[in-house]
Every structure is written in C-alpha cells, then in structure tokens.
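Worksheet: the structure to be examined is printed underneath.
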Amino acid sequence: MPFHEMFEPDGPIRPCYAEVQSWVERTGIAGLNRRLEEAEAIFRRIGITFAVYGEGGDPERLIPFDLLPRIFTAQEWRVLDRGIRQRARALNAFLHDVYHRGEIVKAGIMPADIIYQNSAYLAEMADFTPPGKVYSHIVGIDIVRTGPKRFEVLEDNCRTPSGVSYMLENREIMTRMFPELFGQGLVAPVDDYPAELLKSLKEVAPPACKGDPVVVLLTPGSLNSAYYEHSFLADLMGIELVEPADLFVDEERVWMKTTLGPKQVDVIYRRIDDEYIDPLVFRPDSLLGVPGIFNVYRNGGVTLASAPGAGIADDKAVYIYVPEMIRFYLGEQPILDNIQTWQCGKPDECAYVLEHLHELVAKEVHGSGGYGMLIGPKSTKDEIAAYTDRIRANPSEFIAQPTLDLSTVPTLGPAAVVGRHADFRPYCLVGKQIRLVPGGLTRVALTEGSLVVNSSQGGGVKDTWVLQD
C-alpha cells in the first residue's frame with residue numbers, strides 16, 4: 001500500500017493534519033463541497049484558466065482545484081529546502097561547464113553525445129557567460145514522495161516552469177475562504193514570491209545597466225496556454241507585460257515602445273521558446289522574435305532569463321546524471337535522490353526495458369506535460385507493442401523508470417475524503433543568491449489509481465502548506 005500522507009504508517013492521523021481533520025469533521029463533506037463550488041466560481045470569475053488546443057471544444061479550461069491542503073512539516077521542509085537549493089546550484093554549474101570547457105565530459109562522467117548532439121544544446125551560447133553565471137533563473141524541480149521519509153526527484157525544469165500562479169492563487173483562495181485556519185500563523189507564507197522573483201531578476205542585470213534595472217515579462221501573446229500566468233506575474237511584480245512587437249533593438253540595447261517614447265530594457269523574463277527569440281539567429285520564420293536581440297544579449301546589453309540553451313538541463317537523459325553533477329561540481333552527496341532510470345540508448349538497458357515494458361513507465365527524453373509516455377501496468381498489449389516499436393526505431397530517444405509506489409494525499413471526493421497520488425513542484429529562484437519560498441505547487445491525479453498529475457491530462461491542483469516551528 002502506498003504511504004498516505006495524512007496517516008502514520010500504523011494508522012493514526014499524523015499530528016500535522018490534526019487541524020485539517022478537525023476542520024473536515026466540523027464542516028462535513030457536503031459543506032466542504034459547497035465551499036469547493038464557491039472556490040471554483042471565484043477561479044472562473046477572475047479568469048484562472050489554462051488552454052489546451054487541438055482537442056476540440058472550448059480550449060479554455062479551469063484546472064480542478066482540491067480543497068484539502070497537502071502538508072509538509074517544518075522538519076520535512078528543511079530537507080526539501082536543502083535538496084532543492086543544492087540541485088539548482090549543480091544544474092547551473094553544469095550549464096556553465098557544457099557551454100565552456102566541458103569538464104564533466106572530459107572526466108568521463110557524462111557522454112558527449114547526449115549533450116552536444118541534443119537539440120536543446122545551442123552552439124550559439126558557447127563561450128558566453130550570462131551575468132552571475134546564472135543560466136536557469138527559475139528552477140522547477142518535480143518531486144514525488146515514496147515513503148514517510150523518502151522524497152525523490154522525478155524531473156527538472158530549467159527553462160520556464162509553469163504553474164506558480166496556481167501556487168499563489170490556491171493560497172489566496174484558501175486564506176479567503178478559511179481565515180480561521182491561517183489565523184494561528186502556523187502556515188509559512190508564499191505571497192512574497194513575486195517580490196523575490198523581481199529581486200532575483202534585478203540581480204542579474206547586464207553590464208550595460210547603470211541604474212535600477214528595468215525588467216519586463218515577454219509573452220508570446222494571449223493565445224499562449226500560460227498567458228494568464230504571464231499577466232498575473234507581471235502585475236504582481238509591477239512590471240510591464242510585453243509582446244515581441246513591443247520591443248526593438250537599437251544602438252546595442254533593447255527598447256520598449258511606450259506612449260512616452262522608447263524606454264530602455266535591462267532584463268527580460270521571457271516565456272518564449274529559444275528557437276523563436278531572434279529570427280536573425282534562430283528560426284527566420286519566427287513572428288515571435290525580436291530581430292537582433294540575441295546579439296545584444298551576447299554583448300552584455302540585456303539579460304534573458306532564463307538563458308537560451310538552458311533546456312539541455314531539462315532533458316530526461318541528462319537528468320540521470322544530476323547526482324553525479326552534484327558530486328562533481330559541488331563536492332557534496334545528493335540530498336534528494338533520483339528515481340532509478342534506464343537509458344534505452346544503452347543496448348543492455350534497452351533490452352531490459354523491452355522485456356519489462358509491461359511493468360515500467362517509459363518516456364520520451366524530450367517529452368513534457370504527460371504526453372508521449374507509456375505506463376506499462378495501465379496499458380493494453382497493443383499499446384505496449386506499438387511503444388516497443390517506437391523504442392526499437394530510435395532507442396536513444398527514450399528512458400524508462402519503475403512504476404513508483406507514490407504517496408497519496410487527502411483529496412475531497414463527493415461523499416468522503418479519499419487518497420489520490422500527487423507530485424510537488426517548488427520554484428527555486430537563482431540570482432546573486434538562491435531564494436525559495438516555503439511551498440510550491442502540488443498537482444494531484446484526481447482519478448483513482450492514476451499516476452498522471454499533469455493538468456493537460458486531467459490532473460488538479462491543491463494548496464501546499466509548510467508548517468512553521
């Protein structure tokens with residue numbers, strides 16, 4: 001049986017959930033479901049939706065919200081906090097290394113091909129050092145719990161990890177609807193995240209910036225699936241939300257068009273993929289790019305956050321080596337373990353995967369959002385056979401992992417509190433210092449027995465509480 005986070009292994013409710021249990025008993029399941037309807041009405045009224053295209057129907061969807069919080073004790077958070085910060089430091093050190101001397105390859109720790117033949121590796125970034133040696137300014141690390149004291153990293157997100165707006169809005173809703181639960185000050189706040197993000201972005205201003213850095217958030221536009229988050233964060237940081245047409249390059253600087261004339265821009269928090277940034281350097285057909293911006297970036301006239309090419313650290317084949325990165329660059333032992341992973345690009349490991357595919361989870365190394373994966377125990381023989389053919393056709397494009405006994409968290413059902421599998425994504429900010437608010441986004445698989453928590457695959461979200469000492 002998987003570990004249910006609300007209960008001790010021998011049955012009684014864990015002390016950290018005592019207040020929640022008391023609240024459930026006082027309010028009753030029917031009362032909680034009425035509150036849930038109120039919360040969802042608020043979400044819809046203020047426009048907290050995400051977009052899913054290509055499936056027909058209304059693409060704007062409300063991510064299902066679960067009313068019961070996921071709780072970490074102060075002691076549990078101290079372990080997570082140290083492990084998350086350690087991983088963010090190692091990943092940034094790795095990115096600097098592979099775009100310079102490649103010492104980790106020379107040392108024989110990582111094979112060159114998974115780095116330099118990877119589509120996410122940008123040769124245009126070679127021998128360039130961003131301000132502060134920071135490549136990934138917002139590191140989202142997906143963590144799962146597999147036991148009372150065991151946390152493991154599922155994957156790393158070093159480009160533009162999404163979902164932080166839900167972390168903030170979930171807390172806002174919970175605080176508004178249940179002020180009595182927060183009145184005692186037991187739950188650590190997360191509402192300073194936007195201010196901490198702005199501090200981190202200003203700390204990596206380019207050499208050409210001489211005063212208070214001007215920061216903007218660059219969005220592809222209102223049709224982007226995360227547009228709500230873009231506008232939400234820009235508003236909370238008090239910065240301009242700009243689209244590519246609002247920016248232009250002149251005299252080795254980037255300028256923003258305003259009603260008062262051009263205004264110089266120093267730091268761009270971009271939510272546009274690498275290949276679309278600059279049509280003069282990458283895709284010439286890009287309508288989302290700003291011509292000349294990459295040259296200004298390389299010459300120290302503007303900072304792009306996160307750095308182009310940081311996506312190499314997101315790759316699931318690279319993920320396998322993060323524990324070795326921690327040992328190699330930091331001289332430390334990993335605080336958070338990786339999940340056991342087989343590389344299908346290695347013949348012996350591929351043979352094992354193909355033989356045991358019915359009991360494993362297989363993924364594309366460049367995949368995201370829960371797409372392109374196979375959960376062996378939940379798949380039909382025909383689905384396994386088709387996936388086997390895909391792996392055999394291009395083994396290096398796949399990895400496999402065991403089907404984990406993920407912990408379950410208390411989730412509100414129509415008639416009772418039920419246990420559902422969940423993961424956790426904290427957002428680690430990297431500037432001159434590393435910042436981490438006590439919390440993150442808990443994503444929950446709302447279907448009984450499901451291990452897929454992604455919102456695009458029907459998963460929901462819930463507030464995450466870190467208790468203070």
Side-chain angles (χ1 to χ4, degrees), residues 48 50 77 80-81 84-85 87-89 91-92 95 130-142 156-172 175 188-206 209 211-220 224 226-243 247 254 256 265-273 297 302-308 310-311 313-314 424-442 461 463-464 466:
I48 308 178
F50 75 106
W77 181 251
L80 287 168
D81 181 279
I84 294 160
R85 291 171 186 264
R87 203 162 176 108
R89 287 164 52 217
L91 288 164
N92 271 287
L95 286 164
K133 290 187 179 180
V134 182
Y135 288 77
S136 180
H137 303 80
I138 304 98
V139 184
I141 297 173
D142 292 350
D156 305 291
N157 300 275
C158 293
R159 281 172 279 198
T160 51
S162 61
V164 73
S165 59
Y166 292 95
M167 174 187 82
L168 297 169
E169 291 286 24
N170 292 347
R171 178 60 54 86
E172 175 68 22
T175 305
V190 296
D191 54 2
D192 57 347
Y193 176 88
E196 297 289 272
L197 174 57
L198 185 58
K199 282 181 195 173
S200 298
L201 293 171
K202 286 188 172 185
E203 286 177 357
V204 294
C209 176
D212 186 35
V214 174
V215 182
V216 300
L217 194 155
L218 177 61
T219 176
N224 185 267
Y227 182 73
Y228 170 80
E229 178 160 295
H230 303 167
S231 57
F232 177 79
L233 284 175
D235 183 54
L236 289 181
M237 286 191 283
I239 65 174
E240 293 294 335
L241 178 69
V242 298
E243 296 186 23
L247 302 178
V254 176
M256 169 175 52
V265 172
D266 300 300
V267 180
I268 299 175
Y269 175 28
R270 66 181 183 97
R271 300 295 292 257
I272 291 178
D273 293 343
Y297 172 57
V302 74
T303 296
L304 298 176
S306 287
D314 287 3
F424 174 59
R425 176 180 290 180
Y427 300 88
C428 190
L429 304 173
V430 186
K432 287 183 178 176
Q433 57 179 282
I434 295 180
R435 298 176 172 89
L436 183 63
V437 298
L441 179 67
T442 289
V461 296
D463 195 13
T464 308
V466 173

Give a yes or no on whether the backbone of S162 and the side-chain of R425 come within a donor-acceptor separation of less than 3.5 Å. yes
Would you say D235's side chain and S231's backbone share a donor-acceptor pair under 3.5 angstrom? no
In Å and rounded to the nearest 0.5 Å, what is the CG to CD1 distance from L233 to I138? 9.0 Å
Would you say S306 and R159 make side-chain contact, with heavy atoms under 4.5 Å? no
Could you tell me whether the side chain of Y427 and the main chain of V164 form a donor-acceptor pair under 3.5 Å? yes
Closest heavy-atom contact between G439 and V190? CA-CG1, 4.2 Å
List the atom of T303, the atom of P131, and the distance in Å for their closest heavy-atom pair. OG1-CG, 3.4 Å
Side-chain touch F232/P194, heavy atoms, less than 4.5 angstrom: no
State the CG-OG1 distance between D463 and T175, to the nearest 0.5 angstrom. 7.0 Å
To check you understand the geometry: which heavy-atom pair defines the closest contact between L436 and C428, and what is its length? CD1-CA, 3.8 Å
Within the side chain of D266, is there an N or O that forms a donor-acceptor pair under 3.5 Å with the backbone of P213? no
Quick one: which residue pairs count as a side chain to side chain donor-acceptor pair (under 3.5 Å) with a foot in residues 428-442, not counting sequence neighbours? R70-T442, S200-R435, E203-R435, T442-T464
Taking the side chain from S136 and the backbone from C158, do they hold a donor-acceptor pair closer than 3.5 Å? yes
Check whether any side-chain heavy atom of N224 lies under 4.5 Å from a side-chain heavy atom of R271, and answer yes or no. no
Does R85 reach the main-chain N or O of I434 with its side chain, forming a donor-acceptor pair under 3.5 Å? yes
Would you say the side chain of K202 lies within less than 4.5 Å of the side chain of V267, judging by non-hydrogen atoms? no
Looking only at non-hydrogen atoms, find the nearest pair between G431 and V204 and report the distance. CA-CG1, 4.1 Å
Report yes if some heavy atom in the side chain of V437 is under 4.5 Å from a heavy atom in the side chain of D192; otherwise report no. yes
Would you say the side chain of V466 lies within less than 4.5 Å of the side chain of L80, judging by non-hydrogen atoms? no
Hey, are the side chains of V265 and E240 touching, using non-hydrogen atoms and a 4.5 Å cut-off? no
Would you call L429 and Y193 a side-chain contact if the rule is heavy atoms closer than 4.5 Å? yes
List the residues meeting side-chain hydrogen bond (donor to acceptor under 3.5 Å, both in side chains) with T219, not counting sequence neighbours, and say none if there are none. H230
